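Below: the structure, in structure tokens.
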Amino acid sequence: MPITPATATHRSSNGTADPILLELVDENGVTIGTAEKLAAHQPPGQLHRAFSVFLFDEQGRLLLQQRALGKYHSPGVWSNTCCGHPYPGEAPFAAAARRTYEELGVSPSLLAEAGTVRYNHPDPDSGLVEQEYNHLFVGLVQAAPRPDPEEVGATAFVTPDELAERHAKDTFSSWFMTVLDAARPAVRELTGLSADW
């Protein structure tokens, strides 16, 4: 199973364990260097590349995930289908597809770029900062999620009305509404007007 706590390592091509590095970017999304994952999220935060995925079923319902309680950042909160960080040099599209499969056990039947959004969201509970240049993706999922319990506590498919109800009573990630609002034009194009996103 994938390991993604802030202090985790991943295996490089030569089999050695390396710290997880993020790609630092300027305000235009141009790569300017790298930083260790946790260091990039320490206040005031370093602007880094990220991605957010929004997958929908054939009824136009959005797949949400509740982040696992063991996550170092924003544990137990609800958020979009999948989000994360490409490895340095990894294309955001490839990272989005990879992490969707690693976290949820599904591969999108369609995945399309939906623009970018830049934000700065402190997390009051952890004290960490999401200072991100985020690549957005929308797509379709036709298989039932098989989430990795180390990554995902629960999943739910929701309509816009159900999302509004859930958002009013449950805790969501600090970045959720920012990325959803930025992705809405592509979401509407994907799901059609009748889905009311």
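Note that the coordinates shown come from a computational prediction; the quantities given were computed from them, not determined experimentally. We're numbering straight along the sequence, starting at 1.
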Between Glu162 and Arg166, does any side-chain N to carboxylate O distance fall below 4.0 Å?
no
Are Val25 and Ile20 grouped together when hydrophobic residues (ILVMFWY) are joined by side-chain heavy atoms under 4.5 angstrom apart?
no
Please write out which residues are connected to Trp78 in a hydrophobic cluster, directly or through intermediates, given that two of Ile, Leu, Val, Met, Phe, Trp, Tyr count as joined at side-chain heavy-atom separations below 4.5 angstrom.
Phe54, Phe56, Leu62, Leu64, Leu110, Val117, Tyr119, Leu136, Val138, Leu140, Val158, Leu163, Phe172, Trp175, Phe176, Met177, Val179, Leu180, Val187, Leu190, Trp197
Less than 4.5 Å apart, any side-chain heavy atom of Thr100 and any of Ser107?
no
Which residues end up grouped with Ile32 if you chain together Ile, Leu, Val, Met, Phe, Trp and Tyr wherever their side-chain heavy atoms are less than 4.5 Å apart?
Leu24
Tell me, yes or no, whether the heavy-atom count around Gln42 atom CD, taken from other residues, nucleotides or ligands under 6.0 Å, exceeds 12.
yes
Within-4.5 Å side-chain heavy-atom neighbours: Val77 and Asp170:
no
I need the minimum non-hydrogen distance between Thr34 and Pro88, along with the two atoms involved.
CG2-CG, 3.7 Å
Taking the six-membered ring for Trp and the full ring for Phe, Tyr or His, determine whether the centres of Tyr133 and His135 are under 6.0 Å apart.
yes
Taking Gly105's backbone N and O only, do any of them form a donor-acceptor pair with Arg146's side chain (distance below 3.5 Å, no angle check)?
yes
I'd like to know if the side chain of Asp26 reaches the main chain of Val30, judged simply by a donor and an acceptor atom lying under 3.5 Å from each other, with no hydrogens or angles considered.
yes
side-chain hydrogen bond (donor to acceptor under 3.5 Å, both in side chains) with Asp181: which residues, sequence neighbours excluded?
Arg184
Between Phe51 and Cys82, what is the shortest heavy-atom contact and its length?
CE1-SG, 4.1 Å
Any link between Phe93 and Tyr87 through a network of hydrophobic side chains (Ile, Leu, Val, Met, Phe, Trp, Tyr) touching at under 4.5 Å?
no
Using a 3.5 Å distance criterion without hydrogens, assess whether the side chain of His41 forms a donor-acceptor pair with backbone atoms of Ala39.
no
Rounded distance (nearest 0.5 Å) linking atom CD of Gln66 with atom OG1 of Thr171:
9.5 Å
With side-chain hydrogen bond (donor to acceptor under 3.5 Å, both in side chains) as the test, would you mind laying out the steps for Ser52 and Asn134 before giving the verdict?
CA-CA 7 Å; Ser52 289; Asn134 197 309; 3.0 Å; yes
In the structure I gave you, are the side-chain heavy atoms of Val141 and Ser109 within less than 4.5 Å of one another anywhere?
no
Closest heavy-atom pair and its distance - Pro122, Pro124:
O-CD, 3.5 Å
Search all heavy atoms of Asp148 against all heavy atoms of Glu102 and return the closest pair with its distance.
CB-O, 3.7 Å
For the hydrophobic clusters of this structure (ILVMFWY residues joined by side-chain heavy atoms under 4.5 Å, transitively), does one cluster hold both Phe137 and Val152?
yes
Closest heavy-atom pair, Ala114 versus Ala186, reported as atoms and distance to 0.1 Å, is CB-CB, 3.4 Å
Gln131 side chain to His121 backbone, donor-acceptor under 3.5 Å
no
Calculate, to the nearest 0.5 Å, the distance between atoms NE2 and CD belonging to His85 and Glu90 respectively.
12.0 Å
Is the backbone N or O of Val53 less than 3.5 Å from a side-chain atom of Asn80, with the two atoms forming a donor-acceptor pair by type?
yes
Cluster check Leu47, Leu21: I/L/V/M/F/W/Y, side chain < 4.5 angstrom:
no
Enumerate the ring-ring contact (aromatic ring centres under 6.0 Å, His included) contacts for residues 94-118, please, sequence neighbours excluded, ordered by first and then second residue.
none
Among Glu103, Gln65, Arg99, Arg67, the one residue meeting side-chain contact (heavy atoms from CB on, under 4.5 Å) with Cys83:
Arg67
Side-chain heavy-atom pair Leu55, Leu111 within 4.5 angstrom cut-off:
yes
Check for a donor-acceptor pair, side chain of Thr31 on one end and backbone N or O of Gly33 on the other, with a separation under 3.5 Å.
no
Interatomic spacing from OG1 in Thr178 to CZ in Arg118 - rounded to 0.5 Å:
11.5 Å
If you compare all heavy atoms of Pro43 against all heavy atoms of Gly127, which two are closest, and at what distance to 0.1 Å?
CG-O, 3.1 Å
So that I can tick it off, tell me whether Arg49 and Glu132 are bridged by a salt bridge, with the cut-off set at under 4.0 angstrom between side-chain N and carboxylate O.
no
May I ask you to test the Leu104-Thr81 pair for a side-chain heavy-atom distance under 4.5 Å?
yes
Salt bridge (Lys or Arg N to Asp or Glu O under 4.0 Å) involving Asp196 - partner list, sequence neighbours excluded
none
Does the side chain of Gln142 pick up a donor-acceptor pair with the side chain of Glu58 at under 3.5 Å?
yes
With sequence neighbours left out, what residues match Arg188 under salt bridge (Lys or Arg N to Asp or Glu O under 4.0 Å)?
none
